[in-house]
Structure formats: structure tokens, C-alpha cells
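Counting begins at 1 with the first residue of the sequence. Indexing begins at 1, ligand by ligand and atom by atom, following the structure's order.
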Amino acid sequence: MLAGDLLGAYCLSEAGSGSDAAALVTRATLDGTDYVVDGAKAWVTHGGHADFYNLMVRTGSPGADGAGPHGISCLLAASDTPGLLPQPPEKKMGMRSAHTATIVLDGARVPADRLIAGEGEGFRIAMSALDGGRLGIAAVAVGLAQAALDLAVSYATERRQFGSTIASFQGMEFLLADLATQVEAARALYLSAARLHDAGKPYGPQASMAKLFATDTCMRVTTDAIQVLGGAGYVEDYPAERYFREAKVMQIFEGTNQVQRIVIGRSLTRS
Ligand SMILES: Cc1cc2nc3c(=O)[nH]c(=O)nc-3n(C[C@H](O)[C@H](O)[C@H](O)COP(=O)(O)OP(=O)(O)OC[C@H]3O[C@@H](n4cnc5c(N)ncnc54)[C@H](O)[C@@H]3O)c2cc1C
């Protein structure tokens, strides 16, 4: 993977369990030296193209409430696993250079030695991957917001109306100033969380704060960038409309921004 030769996929979500990921129902039953897996994982990035799939599945009894993180395990399934069936890719508003697909598991046989850690460890593994992923999303959001800001500034300093560049109007300059401030704040926030990570310190809530703030900022900046370009922002001649389409998913995946608020809130009130 580090050499870029192998592609992985992370399979936590299901049709009935998104934000409430621990409610997943895909089941793996030990049969001799294999786990037999039945169910379907939804929204799998790289689905159909990955070389292996990290499957979060239920191997044990759920908690007393009939769901929850108990009994969830992580299996590493190769793409040629019999019964592992990628479905046609979703038709998305953005992120079109990566396929997203449901993976049906129809009696898929995964060797038992492909169990990561032990039975019941899957939810902990899934959540720890999300902390790092949220930092990555925050960084991508800052990069995308910066690109949209650069485009807006460049257009505003060239486009002339009422005999002047539109950048010379205070209403426009204040808008650009607010956008630049938000981008800078988002960058500082994710770098601060990344430094905690690098120092080996707990950084989960800070990663959620960075993901929440950077992706909301990105949505705002990409939306306002279209406004700065006017009609030119709405058509495909400029990249503004694409930036806007690419921004939206970042408020949704790796835990929606409502879920980030839940994570941050719990870190404050349930120590
Ligand atoms: C392009 C794309 C790629 C993805 N890639 C992957 C992947 O590789 N692997 C993977 O496992 N998943 C992946 N996902 C799935 C993604 O993580 C889920 O879409 C996300 O967690 C939200 O789940 P959901 O869509 O079921 O929405 P739901 O959970 O049904 O939420 C719907 C709305 O209700 C809100 N909501 C839910 N619960 C609460 C609450 N308690 N309080 C307040 N609001 C709440 C949500 O914030 C959201 O606004 C991907 C999704 C997309 C769109």
C-alpha cells in the first residue's frame, strides 16, 4: 500500500447503519478455518477497485440492547474472495475520480487468520481509523478552500464592472477578507490537531473539531467563490462549480458534522 501498488477499502457503513455505525448487521460465522460472511456494506470508497477490504462484521452477540459495538470484528478480505460482490458504482455529485459502491457479501469465505486483532476488536479499530481520517479530510478541505479563495481573488482583481475591478468594491473586499480569515483559522486548527497526533498524545476531539470547522469553512468558501464569479461561477468554464460539488461530501463522510459535534460534546461532558 505504501508503495502505491495496492488499494484498500474501509467497509463500516451499511444501508441501515450510517451515523449509528455500531448498529451494523453484516454477520460472520466461523466455519472450520473460514469465516462465512453475509450482508452488504454500503458506500465503500474504492468499491470494485480495491485489492482488499477491511470488513467490519458482527461475529459475536451484540450487547443487551441488541446492537452496539460488542461483537463487532474486523476481517481483511481479498478482492477475489468468493462471494464478495461489488455492485455498480454510485452516481455522485462530486468525488467522481474514486468509485463508491455497495459490496454484497453472499456467503463470502474469509480465512480465519485474516481476523485483525481479536474478535470484538472491530469497532475500536474502526473508530481509531476515523480519528486519523478526520485529520486528512480537514487538510483536504483546507486545500480545496484555498483553491477556491485563490480563484475568487484572481477573478475579482480582473473582472471590471461600473468602471472598476469588482475587488475594489468594499462589499467584495470584506467578503474576500472573511473567507481568507476562515481558511487561515481552519489551517491552524488542523495543524494543531496534527501536532498532537505526531507527539503521540490523544487527539480525537481535536481531529473532530478540525474536520467540523475545516469542512464547514470549505463549504462556505466554495459557495461564496461562485458568488464572486457571478454567472461565470455557475458554469463549467471555471473550476468554481466543481470545487463547490467536491466540498459537500466532506461534511458527510468520516462521520457527518453533526456526529463531530456529538464526539466533541461527549469529550467535554463525559470524561
Ligand atoms: C462519497 C461517499 C463515500 C463514502 N465512503 C465510505 C467508506 O469508504 N466507508 C464507509 O464505511 N462509509 C463511507 N461512506 C458513508 C458515510 O460515512 C455515511 O454516509 C455517513 O456516516 C452518514 O451516514 P448516512 O449516510 O447513513 O446518514 P444518516 O446516519 O442516516 O444521517 C442522516 C442525517 O441525520 C443526521 N443525524 C444522524 N444521527 C444524528 C444524531 N444523533 N444527532 C443529530 N443528527 C443526526 C446526520 O448528521 C445526517 O445529517 C461514504 C459516503 C459517501 C457519500
Side-chain angles (χ1 to χ4, degrees), residues 1 6-26 28 37 39-58 65 67-69 72-77 79 84-105 108 116 122-138 140-141 144 204 207-209 211-213 215-216 218-219 222 242-270:
M1 277 191 85
L6 290 175
L7 206 52
Y10 171 92
C11 312
L12 178 64
S13 304
E14 297 181 1
S17 58
S19 299
D20 185 11
L24 66 86
V25 295
T26 294
V37 188
K41 306 307 288 187
W43 304 111
V44 177
T45 299
H46 300 156
H49 289 271
D51 295 287
F52 61 85
Y53 295 82
N54 271 316
L55 303 175
M56 264 40 91
V57 295
R58 210 168 269 292
D65 56 356
I72 294 177
S73 303
C74 178
L75 297 176
L76 185 67
S79 58
L84 188 152
L85 309 168
Q87 302 302 296
E90 306 290 351
K91 297 188 172 87
K92 305 190 295 273
M93 73 183 284
M95 221 179 100
R96 293 183 183 159
S97 56
H99 278 181
T100 307
T102 289
I103 304 295
V104 168
L105 298 146
I116 309 285
F123 200 69
R124 182 185 59 75
I125 294 169
M127 291 301 109
S128 68
L130 285 182
D131 284 345
R134 285 167 185 164
L135 271 185
I137 300 295
V140 170
L144 180 54
S208 286
M209 290 176 197
K211 193 269 189 189
L212 168 64
F213 188 76
T215 61
D216 280 357
C218 185
M219 198 67 244
T222 55
R242 179 174 175 216
Y243 294 159
F244 171 86
R245 289 188 291 102
E246 299 291 358
K248 186 62 211 175
V249 75
M250 290 192 278
Q251 295 180 307
I252 296 171
F253 64 11
E254 221 77 11
T256 66
N257 282 4
Q258 284 79 13
V259 166
Q260 307 308 323
R261 289 181 173 91
I262 293 172
V263 172
I264 298 162
R266 284 185 183 160
S267 77
L268 298 172
T269 58
R270 302 187 201 176

*Using a 4.0 Å heavy-atom threshold (strictly under), name the region of Leu12 that reaches ligand 1: side chain, backbone, both or neither.*
both

_Which segment of Thr256 sits under 4.0 Å of ligand 1 when only heavy atoms are counted_ = side chain

*How about atom 6 (C) of ligand 1: does it have a protein heavy atom within less than 4.0 Å?*
yes

*Nearest-neighbour protein heavy atom for atom 2 (C) of ligand 1, which is reported as residue plus atom name and distance*: Phe253 CD2, 3.9 Å

*Just jot down the salt bridge (Lys or Arg N to Asp or Glu O under 4.0 Å) partners of Asp131, sequence neighbours excluded, or say none.*
none

*asked:* Check this for me: Arg242, atom CZ, are more than 12 non-hydrogen atoms of other residues, nucleotides or ligands nearer than 6.0 Å?
replied: no

*Hey, what do you get for CD (Gln260) to CE (Met209), rounding to the nearest 0.5 Å?*
11.0 Å

*Give every residue pair that meets the side chain to side chain donor-acceptor pair (under 3.5 Å) criterion with at least one member in residues 95-104, sequence neighbours excluded.*
His49-His99, Lys92-Thr100

*Relative to the heavy atoms of Lys92, which atoms of ligand 1 are at a distance of less than 4.0 Å?*
1 (C)

*Quick one: does Lys211's side chain have a donor or acceptor within less than 3.5 Å of a partner on Ala138's backbone?*
no

*Taking the side chain as every heavy atom from C-beta outward, state whether Asn257 and Met250 have any atom pair closer than 4.5 Å.*
no

*Is a side-chain N or O of Asn54 found less than 3.5 angstrom from the main chain of Tyr10, in a donor-acceptor match?*
no

*asked:* Suppose we measure from atom 12 (N) of ligand 1 to each protein heavy atom; which comes out shortest, and what is that distance?
replied: Ser13 OG, 2.8 Å

*Strictly by modelled atom types, are Thr26 and Glu14 linked by a side-chain donor-acceptor pair under 3.5 Å?*
yes

*asked:* So for atom OH, which belongs to Tyr53, do other residues, nucleotides or ligands contribute more than 12 heavy atoms lying within a distance under 6.0 Å?
replied: yes

*Nearest-option assignment for atom 38 (N) of ligand 1, heavy atoms, candidates Ser19, Ala15, Ser17*: Ser19

_For atom 23 (O) of ligand 1, the protein heavy atom that lies nearest, with its residue and separation_ = Gly18 CA, 3.3 Å

_I need the nearest protein heavy-atom contact for atom 20 (C) of ligand 1: residue, atom name and distance, please._
Ile252 O, 3.6 Å

*State whether the shortest distance between N or O atoms of Tyr10 and N or O atoms of ligand 1 falls below 3.5 angstrom.*
yes

*Say whether, by atom type as modelled, one donor and one acceptor occur between the side chain of Lys248 and the main chain of Met93 under 3.5 angstrom.*
no

*Does ligand 1 have a heavy atom under 4.0 Å from the side chain of Ile262, from its backbone, from both, or from neither?*
side chain

_Any protein heavy atom < 4.0 Å from atom 35 (C) of ligand 1_ = no

*What is the nearest protein non-hydrogen atom to atom 43 (C) of ligand 1, stated with its residue, atom name and distance?*
Gln258 CB, 3.9 Å

_Residue-ligand contact Val249/ligand 1, heavy atom below 4.0 Å_ = yes

*Cys218 backbone acceptor or donor facing Gln251 side chain under 3.5 Å*: no

_Distance from atom 3 (C) of ligand 1 to nearest protein heavy atom, with residue and atom_ = Thr45 OG1, 3.4 Å

_My question is simple, although I want it checked carefully: is atom 46 (C) of ligand 1 less than 4.0 angstrom from any protein heavy atom?_
yes

_Which residue and atom name correspond to the protein heavy atom nearest atom 50 (C) of ligand 1, and how close is it?_
Trp43 CB, 3.5 Å

